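Okay, structure first, notes after.
Quick caveat, the model's predicted, so the values are computed rather than measured.
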Amino acid sequence: LYAFCDEQRPLPVGLRASPQRGRGLRLAPGSPAPPPLALPGDGLRPVQGGELMAPRPISFLRFLRLLKTPEKPEGVTPERGQLVFVKVAYDGVDPIDLPEDERAIARKLFGAVDRIPAAARRCIASIIGGRSGKTYFASLRLLHLCCTVVLDGLLAPGQRAHAAIIAPDVETAKEALTYFIGACATAPALAGSVDKEVCDKVLEEGKTVESFVFRRPIDGRFIEVAVR
């Protein structure tokens with residue numbers, strides 16, 4: 001049921017469950033499972049010994065598999081080089097921990113480095129050729145973060161989180177916007193996350209927007225997404 005989670009882990013000492021989480025879906029006995037990105041109840045559950053367990057956000061690669069459509073029932077499948085890049089750059093895998101065949105690709109992409117310091121992971125700067133999927137996967141990475149970033153305790157009452165699509169020109173920004181909105185409009189797991197009028201304007205009319213609101217399926221929180 002915790003489709004946004006790889007596993008359950010104990011709440012860190014001093015962390016309290018946010019009352020905001022109560023807006024999630026509560027399942028009645030015998031009811032069908034929720035949509036793939038729904039979070040039942042308040043996101044916490046007691047286990048043996050009374051310890052509370054909290055969900056950990058799923059990896060980017062697992063998130064890609066949730067973006068299923070009738071045309072792509074397996075979700076989004078990166079090619080070999082793309083797979084290695086997102087494992088290291090987005091999911092935090094160190095090159096030394098990759099399978100041997102992928103380690104060779106990682107050396108071509110990231111150089112002769114076995115472990116990447118945590119401080120270096122906060123900013124990703126890449127030089128990549130055209131038609132390589134960089135805008136597509138960067139757009140889906142932004143969508144993944146919009147869905148999974150922990151917001152408890154970070155926002156004032158009524159405050160919304162913000163995300164941004166920033167590009168050097170309008171056409172590139174429009175392309176990234178189309179990828180983001182397209183995933184929200186076609187993947188059943190993200191149904192209702194973006195207003196239909198915005199989806200129609202971007203996907204059907206081919207227009208762009210300066211900003212729109214994304215509703216997180218996991219907890220119903222709103223994120224303002226700006227396009228620049």
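- Across Asp114 and Arg107, no two heavy atoms sit closer than the pair OD1-NH2, 3.5 Å.
- To the nearest 0.5 Å, atom OG of residue Ser193 and atom CZ of residue Phe222 are 11.0 Å apart.
- Not counting sequence neighbours, the partners of Lys196 by the salt bridge (Lys or Arg N to Asp or Glu O under 4.0 Å) test are Asp200.
- The heavy-atom pair separating Phe214 from Cys147 by the smallest distance is CZ-SG, 3.6 Å.
- Side-chain contact between Arg221 and Asp152: present, with at least one pair of heavy atoms (C-beta onward) separated by less than 4.5 Å.
- Residues meeting the salt bridge (Lys or Arg N to Asp or Glu O under 4.0 Å) test with Arg103, sequence neighbours left out: none.
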Pairs under 3.5 angstrom only: tabulate donor-acceptor contacts from the side chains of residues 76-86 to other protein residues two or more places apart or in another chain.
from, atom 1, to, atom 2, distance (Å)
Arg80, NH2, Asp101, OD2, 2.3
Gln82, OE1, Glu79, N, 2.8
Gln82, NE2, Ser132, O, 2.9

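- Here CG of Leu145 is found 9.0 Å from OH of Tyr90. Values are rounded to the nearest 0.5 Å.
- When the side chains of ILVMFWY residues are joined at heavy-atom separations under 4.5 Å, either directly or via intervening members, Ile124 and Phe60 end up in a single hydrophobic cluster.
- In this structure, Phe137 and Leu64 have side chains that are in contact, with non-hydrogen atoms separated by less than 4.5 Å.
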task: Test Val213 against Ile223 for side chain to side chain contact (heavy atoms under 4.5 Å, CB included), laying out the working first.
output: CA-CA 6 Å; Val213 176; Ile223 296 178; over 6 Å; no

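- In terms of heavy-atom proximity, Leu61 sits nearest to Lys87 at CD1-CG, 3.5 Å.
- Evaluation of the side chain to side chain donor-acceptor pair (under 3.5 Å) rule for Asp97 yields Arg115 as partners, not counting sequence neighbours.
- For Ile116, the side chain to side chain contact (heavy atoms under 4.5 Å, CB included) criterion is met by Val88, Asp94, Pro95, Val113, Ala120, Arg121, not counting sequence neighbours.
- Residues Leu98 and Val93 approach most closely at CD2-CG1, 3.7 Å, considering heavy atoms.
- Not counting sequence neighbours, the partners of Glu71 by the side chain to side chain contact (heavy atoms under 4.5 Å, CB included) test are Thr69.
- Minimum heavy-atom separation, Arg216 to Leu151: NH1-CD1, 3.6 Å.
- Under the side chain to side chain donor-acceptor pair (under 3.5 Å) criterion, Thr172 pairs with Asp169, sequence neighbours left out.
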Atom pairs and distances, side-chain donor-acceptor, residues 174-189, under 3.5 Å, sequence neighbours left out:
from, atom 1, to, atom 2, distance (Å)
Lys174, NZ, Gly206, O, 2.5
Glu175, OE2, Tyr179, OH, 3.0
Thr178, OG1, Lys174, O, 2.8
Thr186, OG1, Gly182, O, 2.7

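- Within 6.0 Å of the CD atom in Glu74, the count of heavy atoms belonging to other residues, nucleotides or ligands exceeds 12.
- Taken together through direct or relayed side-chain contacts under 4.5 Å among Ile, Leu, Val, Met, Phe, Trp and Tyr, Leu142 and Val170 form parts of separate hydrophobic clusters.
- Listed by chain and residue number, nothing satisfies the salt bridge (Lys or Arg N to Asp or Glu O under 4.0 Å) test with Lys134 (two or more places apart in sequence, or in another chain).
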Between side-chain atoms of residues 154-162 and protein atoms elsewhere (two or more places apart, or another chain), which donor-acceptor pairs fall under 3.5 Å?
from, atom 1, to, atom 2, distance (Å)
Gln159, OE1, Ala156, N, 2.8
Arg160, NH1, Glu224, OE2, 2.8

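- The side chain to side chain contact (heavy atoms under 4.5 Å, CB included) search around Arg65 returns Arg62, not counting sequence neighbours.
- Side chains of Leu190 and Leu66 form no contact here, defined as non-hydrogen atoms less than 4.5 Å apart.
- With sequence neighbours left out, the side chain to side chain contact (heavy atoms under 4.5 Å, CB included) criterion links Glu210 to Arg228.
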